[in-house]
Amino acid sequence: MPQFPPGFAWGVATAAYQIEGAVAEDGRTDSVWDTFCRQPGVIRDGQTGDVAADHYHRWPEDVAMMADLGISAYRFSVGWPRVQPGGTGGPNPAGLDFYDRLTDALLAAGIKPMPTLFHWDLPQPLEDAGGWLSRDTAGRFADYAALAAGRLADRIDTWITLNEPFIVMAFGYALGMHAPGKALMLGALPTAHHQLLGHGLATAALRASGVRRVMLTNNYSPIWPASDSPGDRAAAAAWDTLQNRLFTDPVIAGSYPDLSAFGLDADGLDLIKDGDLACISVPLDGLGVNYYMPTRVSALADAPLPFQMEPIPGYPLTAFGWPVIPAGLTELLVQLRDRYGDRLPPVYITENGCSVADEPAADGSIDDQFRIDYLDGHIRAVAAAMAAGVDVRGYLTWTMMNNFEWSEGYHQRFGLVHVDFETQRRTPKSSFAWYRGLIAAQRNGAAGR
Ligand code: IFM
C-alpha cells in the first residue's frame with residue numbers, strides 16, 4: 001500500500017436514520033423515511049429504521065470502537081427531525097444534546113466530527129408542503145443549518161450540507177423507490193435546483209455561524225457507453241449530465257449543464273431566480289465524493305428518459321450485485337479534475353464500501369476478506385488518482401457498522417462491524433482489524449515499506 005501524505009484523513013461514514021433508531025424519543029418526529037417505511041411493500045420484508053443499530057443509546061460503545069479503529073475523522077449525519085421536529089420553528093434542545101454529547105466524545109477520542117446536515121430524513125410536514133419540489137424547503141434547510149451550527153460550530157469546523165442530492169431526485173422523486181416515493185420522472189427536476197439552493201443558503205448560514213469549512217457530497221460514477229455507437233455515446237453523455245454534472249456544474253462552475261438531451265433548457269426554467277446561481281456557486285472548501293461503481297448505459301428510443309442501464313459483466317459482484325471496479329474511482333477522480341481544473345476544491349472520498357453476506361462462523365468470528373480486497377483496491381485507486389495530480393485529502397469508508405440500507409432493509413451488510421439486530425451485539429469483522437492496521441501503518445509512516 002502506498003504511503004499517503006501526513007494529515008490525510010482516514011475515517012468512516014454513517015447516517016442518522018440508518019443507525020440511530022429511537023425515532024419517537026426526546027421530541028423527534030417523523031421524517032419522510034418513517035412515513036415511507038410504513039407503506040406496505042416498499043421496503044424488503046417490511047423492515048424500518050425504528051430501532052436500526054440503536055446508536056442513539058449505544059453511541060458511547062460505538063465511539064469507543066471508532067477510537068479503537070484509530071480513525072481521525074467520522075462523518076455522521078444530523079437528524080433534521082430530531083433537531084428541529086417538523087422542520088420549522090425553534091430547536092429541540094434534547095435532540096441537539098445528543099449531537100453535542102457525540103461531538104464531545106469524538107473530540108475526546110481525537111476524532112474529527114464531520115456532520116452532514118441532510119442525509120435524506122426530511123421532516124414529514126415539509127414534504128406535505130411540497131418537499132424539495134417547493135422552493136420554500138431551501139430556506140427551511142438554511143434555518144435548520146443555523147440551528148445545528150449555533151450549538152456545534154464552536155467545536156466542529158467542517159460541515160457537509162447535502163448527501164447525494166442526485167439520489168434524492170432520482171430515487172425519491174423521479175422513480176419512487178425511496179422516500180417520499182414519488183414517480184414524477186422529469187417532473188422531479190425542480191428538486192435539483194431547490195436542493196442546490198438549499199445548499200447555497202445553508203452554506204451562507206453555516207459561515208455566518210462561524211463554520212470555517214463547508215462541503216457538499218455527491219455520488220459520482222464514470223459513465224460507460226454500452227457500445228461505440230453514436231446513440232449509446234449520446235445516452236452515456238445524457239446520464240453523465242444527470243448524475244455527474246447537474247449537481248456539480250452549478251456549484252463549481254456557476255451554471256447548469258446543457259439539458260437539451262431531455263428537451264429542457266435549464267436557464268429557461270422559471271424556477272431559477274436572479275441571484276440563485278451566485279448563491280449556489282459560492283466556493284466550497286471541499287467536495288465529498290461517494291463512489292460505488294461505474295454505470296453502463298445504452299440508448300433507449302421513444303422513452304421519456306433517453307437511456308437504460310446495462311449490466312457490466314466480467315467483474316466480481318458484491319452481495320448487492322454491484323460490480324467491483326476500483327479503476328473506476330481513479331477514472332472518476334481524474335475526470336473531475338480534468339472537467340473543473342483549478343476550480344475543483346480538495347476532494348474527500350466521503351463514502352466507498354461494499355455489501356458482503358456476513359453470517360458469523362461457529363466461533364463467532366466474521367471473515368469478510370471480500371471487503372478487505374474491495375477496500376484495498378479502492379484505496380490504491382485513490383493513491384493512483386493522487387499520483388495523477390488529483391488533490392484528495394481523505395478517505396472515509398461506508399460504513400462503520402451494519403445498518404438500515406433503505407429499501408433493502410437490513411439485508412445488505414456494509415459494516416466493518418457486524419450487528420446482531422436481535423441483541424444489538426457488535427462484533428468487529430476481519431475488515432475492521434485490516435483497516436485498523438492500515439490506518440496505524442499510515443500514521444507511523446510504515447506503509448509501503
Ligand atoms: O447506504 C447508502 C448511503 O446512505 C448513501 N450512499 C450509498 C450507501 C450504500 O447504498
Side-chain angles (χ1 to χ4, degrees), residues 16 31-32 77-91 96 99 114-123 125-153 156-169 172-173 188-218 246-256 266-267 269-288 345:
S31 76
V32 290
S77 82
V78 177
W80 189 346
R82 203 179 281 296
V83 160
Q84 190 191 34
T88 50
L96 281 170
Y99 298 105
M114 287 177 71
T116 301
L117 282 163
F118 180 65
H119 200 123
W120 306 353
D121 43 2
L122 188 74
L126 295 189
E127 181 55 40
D128 296 340
W132 289 110
L133 290 165
S134 162
R135 183 179 175 91
D136 196 47
T137 300
R140 300 282 72 76
F141 181 59
D143 291 348
Y144 150 64
L147 292 182
R151 174 71 89 89
L152 300 170
I156 302 183
D157 72 356
T158 303
W159 294 64
I160 299 167
T161 55
L162 307 174
N163 178 67
E164 300 183 357
F166 168 71
I167 297 294
V168 172
M169 179 188 77
Y173 288 89
L189 267 177
T191 67
H193 185 64
H194 296 146
Q195 287 186 84
L196 287 172
L197 184 60
H199 157 77
L201 294 171
T203 299
L206 290 170
R207 292 205 171 124
S209 303
V211 167
R212 285 196 316 116
R213 298 170 42 74
V214 182
M215 298 175 33
L216 167 70
T217 283
N218 288 306
L246 180 61
F247 294 90
T248 313
D249 281 17
V251 175
I252 298 185
S255 59
Y256 275 101
D267 295 332
L269 294 181
D270 62 3
L271 52 93
I272 303 173
K273 310 284 184 218
D274 280 354
D276 284 4
L277 281 162
C279 169
I280 290 168
S281 62
V282 164
L284 285 177
D285 302 292
L287 181 68

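Only this structure's heavy atoms are used, side chains among them; waters, hydrogens and symmetry mates stay out. Here, residue 1 is the first one in the sequence, and each next residue gets the next number.
Judged by distance alone, with hydrogens and angles left aside, the side-chain atoms of Thr158 form no donor-acceptor pair with the main-chain N or O of Met114 at under 3.5 Å. Listed for the Ser209 side chain is no donor-acceptor partner under 3.5 Å among the backbone atoms of Gly150.
Every side-chain hydrogen bond (donor to acceptor under 3.5 Å, both in side chains) that Thr116 has, sequence neighbours left out, goes to Arg75. In this structure Asp285 satisfies the side-chain hydrogen bond (donor to acceptor under 3.5 Å, both in side chains) test together with Arg207, sequence neighbours excluded. In this view, Glu164 satisfies the salt bridge (Lys or Arg N to Asp or Glu O under 4.0 Å) rule with no residue, not counting sequence neighbours. Scored by the side-chain hydrogen bond (donor to acceptor under 3.5 Å, both in side chains) test, Asp121 finds no partners at all (sequence neighbours excluded). Residues that satisfy the ring-ring contact (aromatic ring centres under 6.0 Å, His included) test with Trp159, not counting sequence neighbours, are absent from this structure.
A heavy-atom distance below 4.5 Å is found between the side chains of Val78 and Tyr144. Residues Phe118 and Thr161 are not in side-chain contact: their nearest non-hydrogen atoms beyond the backbone lie 4.5 Å or more apart. At a threshold of 4.5 Å between non-hydrogen side-chain atoms, the residues Leu206 and Leu117 count as touching. Two residues are said to be in side-chain contact when any heavy atoms from C-beta on lie closer than 4.5 Å; Pro115 and Ile156 meet this criterion.
For residues 208-217, the salt bridge (Lys or Arg N to Asp or Glu O under 4.0 Å) pairs, not counting sequence neighbours, are Asp157-Arg212.
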